[in-house]
Student: 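Next up is a structure, given as structure tokens.
Positions are given from 1 along the sequence.
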Amino acid sequence: MATQDGSEEVIMETEAKPKEAEPLGENAEKEDAETHTDAGNATTQDSSISNGDDADDKQEMVDLKIIWNKNKYDLKIPVDHTGAKLKESIHSLTGLPPAMQKVMYKGLLPEDKTLREIKVTNGAKIMVVGSTINDVLAVNTPKEVIQQEVKAEENKKEPLCRQKQHRKVLDKGKPDDIMPAIKGTKERLPTVPLSGMFNKSGGKVRLTFKLEQDQLWIGTKERTEKVPMGSIKNVVSEPIEGHEDYHMMAFQLGPTEASQYWVYWVPAQFVDAIKDTVLGKWQYF
């Protein structure tokens, strides 16, 4: 460059030296390796997440035959599921709660062991014993009560007057001194005792309603029982076949039907009044 006096000035230009690029060698390879490692870890994490059914699909499965209450069910379940898990699957099939199940496979199946551990194989038959609520109640019901209920249910299959225990009285025929009966009519209790009827042993019996004392007097030749009406639990009756103008009637004197006192040939027109008076629906004075 020329100056005013014509001399040349030498100017040393300092050029910015470009920054040398760092070598790509070890650092670049290291960063690249770390990048690939992170990506690989991410892939591994994603693949370990299970949505349940998908996980089951990848597990080893075993086919079972579930037998409960004479019914058979097919069940496919992972062999590494525990006995408790099996009970849950049985619940889904049968509706029987796990707590009510007894699962049998070569003995009582343990809940804390897997099917693999107890060597359950394909096609194995799993027996299930289930206790319903009715079964539980039956276990806690006294045997005598069950027998009475069964007997009562059997007796309901035929009219009372056809049952053997009543036939031996009814076959004696209508008593000669029985009070007149009117079918299809309802009357209030008479002021005199109802008489001329039979009891279960075939003896004569009379019924006296002592309303002022709230008592029913059941009289026989031997004695008279004075029964408080409030102690009578129930009164049942049924027309006598072939003689529908007369009924057979039972007064339940205790907590069960075994305490029933039977009276035969009760005039039909007084049946409703007897029931209403004894059970307290209304009283005749």
Side-chain angles (χ1 to χ4, degrees), residues 141-142 144-153 155-156 158-170 172-241 243-285:
T141 304
E144 295 78 11
V145 174
I146 296 175
Q147 290 175 341
Q148 289 176 5
E149 290 177 351
V150 170
K151 186 175 181 181
E153 192 65 30
N155 290 340
K156 290 178 183 178
E158 60 179 347
L160 292 170
C161 60
R162 294 183 189 176
Q163 295 173 17
K164 185 178 179 179
Q165 59 173 326
H166 302 301
R167 285 274 20 129
K168 63 182 181 180
V169 179
L170 296 174
K172 294 177 64 174
K174 188 191 308 182
D176 295 333
D177 57 346
I178 192 69
M179 296 178 69
I182 306 173
K183 181 180 177 182
T185 300
K186 296 181 181 181
E187 295 184 6
R188 291 186 171 186
L189 293 176
T191 56
V192 297
L194 297 177
S195 61
M197 300 167 290
F198 288 145
N199 59 19
K200 200 170 183 178
S201 63
K204 287 293 185 68
V205 63
R206 65 183 177 276
L207 301 177
T208 305
F209 297 87
K210 292 290 185 177
L211 303 180
E212 67 280 1
Q213 301 174 34
D214 197 29
Q215 293 179 344
L216 169 61
W217 290 11
I218 303 176
T220 62
K221 184 178 180 181
E222 293 79 18
R223 63 181 181 275
T224 297
E225 296 286 345
K226 298 179 179 181
V227 182
M229 291 189 191
S231 69
I232 300 174
K233 307 300 181 183
N234 196 18
V235 181
V236 297
S237 68
E238 181 182 284
I240 299 173
E241 281 188 340
H243 302 275
E244 282 75 11
D245 47 345
Y246 289 95
H247 282 225
M248 49 188 292
M249 177 175 285
F251 300 93
Q252 186 171 323
L253 306 180
T256 68
E257 292 184 357
S259 63
Q260 289 176 332
Y261 187 95
W262 284 95
V263 179
Y264 303 86
W265 304 102
V266 179
Q269 68 269 28
F270 300 129
V271 168
D272 287 344
I274 292 172
K275 289 182 178 179
D276 291 342
T277 300
V278 171
L279 298 177
K281 294 184 180 178
W282 61 269
Q283 294 184 341
Y284 170 70
F285 292 96

Student: If you compare all heavy atoms of Ile232 against all heavy atoms of Leu216, which two are closest, and at what distance to 0.1 Å?
Tutor: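 Reported closest heavy-atom pair: CD1-CD2, 4.0 Å.
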Student: Answer yes or no: is there a donor N or O on one side and an acceptor on the other, between the side chain of Gln269 and the main chain of Ile182, under 3.5 Å?
Tutor: yes
Student: Which pairs, with at least one residue in residues 230-241 and sequence neighbours excluded, count as a salt bridge (charged side-chain N to carboxylate O under 4.0 Å, His left out)?
Tutor: Arg162-Glu241
Student: Does the ring center of His247 lie less than 6.0 Å from the ring center of Trp265?
Tutor: no
Student: Do His166 and Tyr264 have side-chain N/O donor and acceptor atoms under 3.5 Å apart?
Tutor: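 Yes, Tyr264 and His166 have a side-chain donor paired with an acceptor closer than 3.5 Å.
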Student: If you define the side chain from C-beta out and look only at heavy atoms, does anything of Leu194 sit under 4.5 Å from Met179?
Tutor: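 With C-beta onward as the side chain, the pair touches.
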Student: Can you check whether Gly219's main-chain N or O pairs, donor with acceptor, with Thr224's side chain at less than 3.5 Å?
Tutor: no
Student: Can you give me the closest heavy-atom contact between Met248 and Ile240, atom names plus distance?
Tutor: N-CG1, 3.9 Å
Student: Do Trp262 and Val236 touch side chain to side chain, with heavy atoms closer than 4.5 Å?
Tutor: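 The answer is yes; the side chains approach within 4.5 Å.
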Student: Taking atom CD of Gln213 and atom NZ of Lys226, what is their separation to the nearest 0.5 Å?
Tutor: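 Between atom CD of Gln213 and atom NZ of Lys226 there are 6.5 Å.
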Student: Spell out, as yes or no, whether a donor-acceptor pair under 3.5 Å connects the side chain of Thr277 to the backbone of Ile274.
Tutor: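 No: the side chain of Thr277 does not pair with the backbone of Ile274.
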Student: Please report the closest heavy-atom contact between Lys172 and Lys168, naming both atoms and the distance.
Tutor: CG-O, 3.7 Å
Student: Quick one: does Val235's side chain get under 4.5 Å of Met249's, heavy atoms only?
Tutor: yes
Student: Per the side chain to side chain donor-acceptor pair (under 3.5 Å) rule, what does the pair list look like for residues 197-206, sequence neighbours excluded?
Tutor: Gln165-Lys200, Asp177-Lys204, Asn199-Ser201, Asn199-Tyr261
Student: Minimum heavy-atom separation for Val271 and Ser237, please, with both atom names.
Tutor: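 Val271 and Ser237 have their closest heavy atoms at CG1-OG, 3.5 Å.
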Student: Could you pull out the closest heavy-atom pair between Ala268 and Ala181, with the gap in Å?
Tutor: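 Closest heavy-atom pair between Ala268 and Ala181: N-CB, 4.2 Å.
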Student: Do Ile178 and Phe198 have side chains that approach each other closer than 4.5 Å (heavy atoms only, starting at C-beta)?
Tutor: no
Student: Counting C-beta onward and ignoring hydrogens, is there a side-chain heavy-atom pair between Val263 and Phe251 closer than 4.5 Å?
Tutor: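 SC-SC contact between Val263 and Phe251 confirmed.
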Student: Taking Gln215 for the side chain and Trp217 for the main chain, is one N or O donor matched with an acceptor at less than 3.5 Å?
Tutor: no
Student: Measure the CG-OG1 distance between Asp272 and Thr185 for me, rounded to the nearest 0.5 Å.
Tutor: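 If I round to the nearest 0.5 Å, the distance is 11.0 Å.
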Student: Heavy atoms, side chains only, cut-off 4.5 Å: are Pro190 and Phe270 in contact?
Tutor: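 Pro190 vs Phe270: side chains touch.
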Student: Which heavy-atom pair separates Pro180 from Pro267 by the least distance, and what is that distance?
Tutor: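 Closest approach of Pro180 to Pro267: O-CB, 3.9 Å.
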Student: Do Asn234 and Gln260 have side chains that approach each other closer than 4.5 Å (heavy atoms only, starting at C-beta)?
Tutor: no
Student: Is the NZ or CZ atom of Lys174 positioned over Tyr246's six-membered ring, under 6.0 angstrom from the centre and within 45° of the axis?
Tutor: no
